[in-house]
Amino acid sequence: MSAPARAADTIVDERPPEERLEDYRRELTGYCYRMLGSAFEAEDAVQDTMVRAWRGVAKFDGRSSLRSWLYRIATNVCIDALNGRKRRAVPMDIGGPGAPVAESLREPLPDADWLEPMPDARVSTPAGDPAEKAVAKETIRLAFIAALQHLPARQRAVLILREVLCWKAAEVATLLDTTVASVNSALQRARATLAEQGISETAPKTSPTMDPAQTELLMRYMAAFEAFDMEALTALLHEDVEQNMPPLELWFRGREDVIAWMATGPGQSCRGSRVAPVEINGTVGFAQWKPTGPAGEFEAWGITALRVEDGAVTGLSIFLNTELFGYFGLPLKLADRPELWEPKTA
C-alpha cells in the first residue's frame, strides 16, 4: 500500500507560509473527511484548521514542513470532534434488510447519525499526478469510509496517515506525540479491524479517471430510471444488489426487492424524475429531482452513489439529505440550472 511522494514536499516554495496555507485545503478536506465521515464536518474542520494556522503562523518556526504542521492541527481538530461521539453509520449497521413496502418505513434518524457522501472534486483536482488522484478516489469510497468509522480516533489517524498518505512511522509518531512502537501497534490493530469489515487494502484498484464502462453503465441506468423502465433497470442490477437510503434505516438486498420498491412500493413516487451525473466517493452516481413543485417543477430529492462490479450495479446508496445538493454545486430546483439535464434514451 503505497503512494508516490508528493511534489509539494520536494520543491522549495519561497512564498511566506501564510500565502501557502490555501494550497493544502483540498487534501486536508480529504483527510478530515476520512476521519469524520461527513462532508459538512470535514469542511468545518478544515476551516477551523485554517483559522488556527492563520493565528499561529507567526510562530511557525519551520522545524517541520508546513504540510506536517497543518496535518498536526487538523488531526487535533478531528480527534477533538470525535471525542465522546458515536460513529457515523450506514443502514446495514443497524439491522437486517427489510421488505419493500410502505409498512417497513420508520421515522428517519438525524442526519448526524449517518455517513455522508463526498464530491470527488472536493478532494481531487483535474490536474495532478494520476497515481495520487487514483489513491484519493479509491480511499474515499463509501465502503472504506464506513469501515474507518469502526476505528478509535487515534487508530483512524494512524491508518490514514500511514496507509493512505504514506507517512513514515516516525513522522506519525511526532505528529501524535507518541512512539514509533505505539504507532506500529495502532496500525496493526486498525488493519485487523478493517479486515473484519472486509477491507483488506487501501491501494487503488481503479483508474484515476472515470472508467468508460462505468460511465456507459451509468448513462444506461439514468435513461432507464427516467423512463421508469423496470425491465431495463432489472437488466442492469446484480441479483444480490443492495439499496440503502439514509436517513432511513430501511435497506434492501436483492434485485427483486429493489425493483419491487420502485414498481409497486413507495419508490413509485420517483416516476417522472430527472437526473444528472455526479462523481461521488470515487465512483459514478447521479442527482435526482422529482416533479413535486408547483406545476410539476423539479425539486431536489436525493443523490445516489452506484457501486459497480463486473458490469453490473451491486450497490445503490441514495442520500436523501437535500442540503448535500449545495455541497455538490447543484441547485435545489432544476429550473435554476436547466443545462444540467439532457433528455436520455436507453
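Source: prediction; values computed, not measured. Start at 1 with the first residue, then count along the sequence.
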Non-hydrogen side-chain atoms of [X] and [Y] separated by less than 4.5 Å:
X: Ile79; Y: Leu82; value: no
X: Gln268; Y: Met262; value: no
X: Pro110; Y: Pro247; value: no
X: Pro119; Y: Val278; value: no

Heavy-atom donor-acceptor pair, [X] side chain to [Y] backbone, under 3.5 Å:
X: Arg154; Y: Leu176; value: yes
X: Arg253; Y: Pro97; value: no
X: Ser269; Y: Pro266; value: yes
X: Thr193; Y: Arg189; value: yes
X: Arg141; Y: Glu138; value: yes
X: Ser182; Y: Thr178; value: no
X: Ser185; Y: Ala181; value: no
X: Asp120; Y: Gly282; value: yes
X: Arg156; Y: Met35; value: yes

What verdict does the side chain to side chain contact (heavy atoms under 4.5 Å, CB included) test give for Val313 and Arg307, after you've listed the backbone C-alpha separation in whole Å, the side-chain angles of each residue and the deciding distance to 0.1 Å? CA-CA 6 Å; Val313 176; Arg307 186 172 71 245; over 6 Å; no

Does the distance from a Lys or Arg side-chain N to an Asp or Glu carboxylate O, for [X] and [Y], drop under 4.0 Å?
X: Arg25; Y: Glu22; answer: yes
X: Asp177; Y: Arg72; answer: yes
X: Lys86; Y: Asp113; answer: yes
X: Arg255; Y: Glu242; answer: no
X: Glu171; Y: Arg67; answer: no
X: Asp48; Y: Arg52; answer: yes

Test Ile318 against Gln243 for side chain to side chain contact (heavy atoms under 4.5 Å, CB included), laying out the working first. CA-CA 8 Å; Ile318 306 168; Gln243 175 175 305; 3.8 Å; yes

ring-ring contact (aromatic ring centres under 6.0 Å, His included) with [X]: which residues, sequence neighbours excluded?
X: Phe328; value: none
X: Trp301; value: none
X: Phe298; value: none

Tell me every residue that passes side-chain contact (heavy atoms from CB on, under 4.5 Å) with [X], counting only those two or more places apart in sequence or in another chain.
X: Pro277; answer: Leu218, Met222
X: Val180; answer: Ala169, Ala170, Ala173, Asn184
X: Ala99; answer: Val101, Ser104
X: Ala190; answer: Leu151, Gln155, Leu159

Does Glu299 form a salt bridge (charged side-chain N to carboxylate O under 4.0 Å, His left out) with Arg274? I'd like the steps, not just the answer. CA-CA 9 Å; Glu299 297 183 317; Arg274 291 182 174 177; over 6 Å; no

Would you please indicate yes or no on a ring centroid separation below 6.0 angstrom for Phe286 and Phe225?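 Centroid distance Phe225-Phe286: below 6.0 Å, so yes.
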
Measure centre to centre between the rings of Tyr24 and Trp69, then say whether the value is under 6.0 Å.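 No: the rings miss the under 6.0 Å criterion.
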
Where does the angle between the aromatic ring planes of Phe325 and Trp289 fall among parallel (under 30°), tilted (30 to 60°) and perpendicular (over 60°)?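 Perpendicular, since the angle between the ring planes exceeds 60°.
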
Show, in sequence, the C-alpha distance, side-chain angles and deciding distance for Gln288 and Ile303, and conclude whether the side chain to side chain contact (heavy atoms under 4.5 Å, CB included) test is met. CA-CA 6 Å; Gln288 175 188 349; Ile303 295 179; over 6 Å; no

Nearest-0.5 Å distance that lies between atom CG in Leu21 and atom CG in Leu66: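 Those atoms lie 5.5 Å apart.
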
Roughly how far, to the nearest 0.5 Å, is the CH2 atom of Trp251 from the OG atom of Ser317?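 That separation rounds to 11.0 Å.
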
So which residues get pulled into Ile94's cluster when ILVMFWY side chains under 4.5 Å apart are joined, directly or through others?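 Answer for Ile94: Leu109, Trp114.
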
Going by salt bridge (charged side-chain N to carboxylate O under 4.0 Å, His left out), name the residues that satisfy it together with Glu339, two or more places apart in sequence or in a different chain.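 Arg337.
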
Excluding sequence neighbours, so at least two apart, what forms salt bridge (charged side-chain N to carboxylate O under 4.0 Å, His left out) with Glu297?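 By the salt bridge (charged side-chain N to carboxylate O under 4.0 Å, His left out) rule, Glu297 matches Lys333.
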
Please lay out, stage by stage, how Val172 and Leu187 fare under the test side chain to side chain contact (heavy atoms under 4.5 Å, CB included). CA-CA 11 Å; Val172 179; Leu187 179 58; over 6 Å; no

Please check if atom [atom1] in [X] has more than 12 non-hydrogen atoms from other residues, nucleotides or ligands closer than 6.0 Å.
X: Glu107; atom1: CD; answer: no
X: Glu216; atom1: CD; answer: yes
X: Glu256; atom1: CD; answer: no

[X] and [Y]: side-chain donor and acceptor closer than 3.5 Å?
X: Glu226; Y: Tyr221; result: no
X: Ser68; Y: Ser65; result: yes
X: Thr29; Y: Arg122; result: no

Could you go through Arg34 and Thr139, starting from their C-alpha distance and side-chain angles, then the distance that decides it, and tell me whether this counts as side chain to side chain donor-acceptor pair (under 3.5 Å)? CA-CA 8 Å; Arg34 295 178 185 98; Thr139 58; 2.9 Å; yes

Taking all atoms of both residues into account, what is the closest heavy-atom pair of Ala305 and Leu142, and its distance?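 Closest approach of Ala305 to Leu142: CB-CD1, 3.9 Å.
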
Do Asn281 and Tyr33 pass the side chain to side chain donor-acceptor pair (under 3.5 Å) test, and can you show the C-alpha distance, the side-chain angles, and the key distance before you say yes or no? CA-CA 11 Å; Asn281 286 87; Tyr33 175 63; 3.0 Å; yes

Would Phe40 and Val51 show up in the same hydrophobic cluster when neighbours are defined by side-chain heavy atoms closer than 4.5 Å?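 Unlinked, Phe40 and Val51 end up in two clusters.
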
Is it possible for you to say whether Met230 and Phe252 belong to one hydrophobic cluster, with membership spreading through side-chain heavy-atom contacts below 4.5 Å?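 Result: yes, single cluster for both.
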
Using side-chain hydrogen bond (donor to acceptor under 3.5 Å, both in side chains) as the criterion, list what pairs up with Asp310, not counting sequence neighbours.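 Partners of Asp310 by the side-chain hydrogen bond (donor to acceptor under 3.5 Å, both in side chains) criterion come out as none, since no residue qualifies.
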
ring-ring contact (aromatic ring centres under 6.0 Å, His included) contacts touching residues 227-250 (sequence neighbours left out):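 Matches after skipping sequence neighbours: none remain.
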
